[in-house]
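A short worksheet on the structure shown next.
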2 protein chains.
Amino acid sequence: MPLDDSRYAGAVTTPSPTRDRLLDAFEALLIEQGEKAATLDAVAARAGVSKGGLLYHFGSKDALVDGQLARMAALATTDVENIRNAPAGPVDYLIRTSVNAGTPLDRAIIAAACLAQGTHPSANEAIAAMRAQWLAVIEEAVGDPDVAEAILLVSDGLYYNSALANPMPAEAHDPHSPESTQQMDRLLAVIAKLLK
Amino acid sequence: MPLDDSRYAGAVTTPSPTRDRLLDAFEALLIEQGEKAATLDAVAARAGVSKGGLLYHFGSKDALVDGQLARMAALATTDVENIRNAPAGPVDYLIRTSVNAGTPLDRAIIAAACLAQGTHPSANEAIAAMRAQWLAVIEEAVGDPDVAEAILLVSDGLYYNSALANPMPAEAHDPHSPESTQQMDRLLAVIAKLLK
DNA sequence: TACACTATACCGTCCAGCCGGTATAGTGAC
DNA sequence: GTCACTATACCGGCTGGACGGTATAGTGTA
């Protein structure tokens with residue numbers, strides 16, 4: 001008997017490792033080869049699972065999409081806390097983590113952006129909800145809502161640029177490289193002009 | 001005998017109206033329903049042409065993509081001149097036209113962004129080339145390359161947000177509405193802080 | 001015995017690309 | 001001027017493959 005999807009609707013029960021492997025494979029295919037390549041067969045193969053095994057965990061492709069978005073939302077919630085409590089300040093943290101370092105959240109967001117273009121409405125909503133959380137934190141930190149919006153737009157620009165201009169498999173441009181760090185420092189210096 | 005594509009490689013000869021209608025239909029489907037929905041049948045139907053007619057003008061789906069990107073590049077080249085000679089200044093023009101007003105270039109860019117996610121490498125290159133032109137003009141206008149980059153990132157953020165968060169058919173948020181204009185004015189006021 | 005799968009086969013649908021045909025407009029020969 | 005021929009601009013049907021989803025029989029572990 002297939003799993004009841006509602007079992008995983010929240011983060012209540014312990015998810016199986018296979019389930020997470022399937023979501024990882026789904027995201028990897030979305031990121032590396034686009035939505036069209038992320039077929040059920042391909043996802044199952046990449047996760048080292050049979051197609052039947054995939055459909056055991058996710059009864060349909062829509063369920064797989066929902067699972068991906070739910071996992072992203074969970075990761076985003078903890079990320080917002082990281083932003084709020086960042087030692088160097090929320091703005092510094094937000095901008096520095098906008099450049100796709102290959103973290104699970106980064107991958108989840110880029111994958112969701114792929115789904116959003118496929119006009120999957122729930123993907124759009126999930127992304128919009130995440131952005132709203134970010135905006136709230138930044139606004140809380142900088143005071144001025146217009147400045148907060150501008151900073152978030154820079155963050156968006158960084159994200160979509162690294163997502164689109166980068167169909168490469170791995171860390172082709174490592175965010176910890178000296179060039180990237182210097183570039184980031186200069187960008188943050190420019191942004192600092194906005195804060196009073 | 002099918003058309004030789006090289007005939008249209010430049011803007012030398014007069015392109016047929018059907019050819020442009022096909023590209024319009026292709027872009028519309030990409031924007032409104034995503035890459036997956038932009039099938040040859042759907043494009044042909046939307047353009048009011050048979051599938052055979054489409055394949056007469058574009059010998060393959062790749063040729064259709066190439067045609068779309070080539071038209072975008074042509075539009076972008078004239079846009080760069082508009083930016084350079086804008087009465088209110090390049091920065092003002094760039095930011096105000098980053099919000100998807102439904103111009104042919106706007107539509108072309110959003111359609112190309114859809115193609116880029118499908119990991120069509122030529123789409124990535126075409127977008128990168130366009131961005132490089134923009135960056136050059138803005139850098140020329142503001143002097144500081146870091147400030148130019150930050151401004152372009154805001155522009156990118158605006159673009160991708162309006163592209164992704166907006167799978168709506170038409171001008172659901174008209175850029176000439178009072179709210180949009182006010183929001184844009186406030187954003188430009190924030191950006192003005194970066195310029196000296 | 002139940003759970004978490006594997007492996008295989010199959011169905012209906014959709015899609016890219018191909019092919020034969022058609023209608024029309026134009027060109028050169030006589 | 002008209003006949004033979006060519007080029008352009010399509011139409012619409014077909015095929016082979018892929019995809020989502022279903023079904024079923026079987027396996028190993030706890």
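A note on names: the letters A, B, ... follow the listed sequences, proteins ahead of strands, and every chain is numbered from 1. All values reported here derive from a predicted model rather than from experimental measurement.
Below 30°, between 30° and 60°, or above 60°: for Tyr160(A) and Tyr160(B) the angle between ring planes is between 30° and 60°, a tilted geometry.
Regarding Leu29(A), its CG atom lies at a distance of 14 Å from the C1' atom of dC19(D), rounded to whole Å. The interatomic distance linking Leu55(B) (CG) with dC19(C) (C1') rounds to 11 Å, in whole Å. For Leu40(B) and dC15(C), the CG to P distance is 10 Å, given to the nearest whole Å. Distance CZ (Phe58(A)) to C1' (dA4(C)): 14 Å, rounded to an integer number of Å. A straight line from CZ of Arg19(A) to P of dC3(C) spans 17 Å, rounded to a whole angstrom.
No side-chain donor-acceptor contact under 3.5 Å links Ser155(B) to the backbone of Ile151(B). The backbone N or O of Leu75(B) lies less than 3.5 Å from no partner atom in the side chain of Asp79(B), so there is not a single donor-acceptor pair.
Mapped onto DNA chain C by nearest heavy atom, Lys36(A) and Gly52(A) fall at different nucleotides, with Gly52(A) at the one closer to the 5' end. The nearest heavy atom of DNA chain D to Lys51(B) and to Asp62(A) marks one nucleotide each, and the one closer to the 5' end goes with Lys51(B).
We find that Arg71(A) and Glu27(A) are joined by a salt bridge, their nearest charged nitrogen and carboxylate oxygen being less than 4.0 Å apart.
For dC10(D), one of the phosphate oxygens OP1 or OP2 lies less than 4.0 angstrom from a side-chain nitrogen or oxygen of Thr18(B). Note on Tyr56(A): a side-chain N or O is less than 4.0 Å away from OP1 or OP2 of dA4(C). For dC10(D), the OP1/OP2 oxygens have a side-chain nitrogen or oxygen of His57(B) closer than 4.0 Å.
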